[in-house]
Amino acid sequence: QVQLVESGGGLVQAGGSLRLSCAASGRTFGDYLMGWFRQAPGKEREFVAAISRNYGNTFYADFVKGRFIISRDNAKRTGYLQMNSLEPEDTAVYYCAASDRWFFTKSSTDYDYWGQGTQVTVSA
């Protein structure tokens, strides 16, 4: 098993940036595909980005539009989501998640482990 703890959320003005971190403990972090999801009030949880186990292949939701960058440092057991040009529509609780699957997936049901979430609020 792996335990995940997010940090780095907060309040930012539109056009600003935030960097989320996801600290992992337990099993080797590099054993997992890592993803970021978000959930806004009254909406379903949605996929944001994912990164492969070791080779750094990345995948993004269309709405990211080149604004976000997902990365990971397996030696530090930490994943990151750099969010730039934030918009009020990006306001949500952001979750990191880990999957035992080898291949990319954007389905939340394919992720086995979840953090508690960190709130991101973007003001207009």
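Within 6.0 Å of CD on Gln13 lie no more than 12 heavy atoms contributed by other residues, nucleotides or ligands.
Inter-residue side-chain proximity for Asn57 and Phe104 is flagged as unmet; no heavy-atom pair is nearer than 4.5 Å. Counting heavy atoms from C-beta on, the side chains of Gln116 and Val5 come closer than 4.5 Å. Looking only at side-chain heavy atoms (C-beta outward), Val12 and Thr121 stay at 4.5 Å or farther from each other.
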Q. Could you walk me through whether Arg53 and Met34 pass the side-chain contact (heavy atoms from CB on, under 4.5 Å) check?
A. CA-CA 7 Å; Arg53 295 183 179 207; Met34 192 191 83; over 6 Å; no
Q.
Using the rule given for ring pair (Phe, Tyr, Trp, His ring centres under 6.0 Å), can you reason through Trp114 versus Phe37, listing the C-alpha separation, both sets of side-chain angles and the distance that settles it, and then say yes or no?
A. CA-CA 10 Å; Trp114 293 82; Phe37 291 77; 5.0 Å; yes
Q. Going through the checks in order, is the side-chain hydrogen bond (donor to acceptor under 3.5 Å, both in side chains) test met by Thr78 and Asp73?
A. CA-CA 5 Å; Thr78 304; Asp73 185 333; over 6 Å; no
Q: Could you go through the side-chain contact (heavy atoms from CB on, under 4.5 Å) check for Thr91 and Gln119 one step at a time?
A: CA-CA 8 Å; Thr91 295; Gln119 176 71 47; 4.1 Å; yes
(Q) Does Gln82 form a side-chain contact (heavy atoms from CB on, under 4.5 Å) with Ser71? I'd like the steps, not just the answer. (A) CA-CA 8 Å; Gln82 177 68 43; Ser71 61; over 6 Å; no
Q: Test side-chain contact (heavy atoms from CB on, under 4.5 Å) on Gln39 and Tyr94 and set out the steps.
A: CA-CA 7 Å; Gln39 188 166 17; Tyr94 283 71; over 6 Å; no
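The list of disulfide bond (SG atoms under 2.5 Å apart) pairs with a residue in residues 21-85, not counting sequence neighbours, reads Cys22-Cys96.
Annotation: side chain to side chain contact (heavy atoms under 4.5 Å, CB included) contacts of Asp100 (sequence neighbours excluded): Arg27, Tyr32, Asp112, Tyr113. For Ser107, the side chain to side chain contact (heavy atoms under 4.5 Å, CB included) partners two or more places apart in sequence, or in a different chain, are Thr105, Thr109, Asp110.
Looking only at distances, no side-chain donor or acceptor of Arg77 sits under 3.5 Å from a matching main-chain atom of Gly30. The backbone N or O of Arg38 sits nowhere less than 3.5 Å from a side-chain atom of Arg45 that would complete a donor-acceptor pair. Distance alone, capped at 3.5 Å, is enough to place a donor-acceptor pair between the Thr118 side chain and the Gly9 backbone.
The one candidate from Phe68, Trp36, Tyr80 that meets the side-chain contact (heavy atoms from CB on, under 4.5 Å) condition with Leu20 is Trp36.
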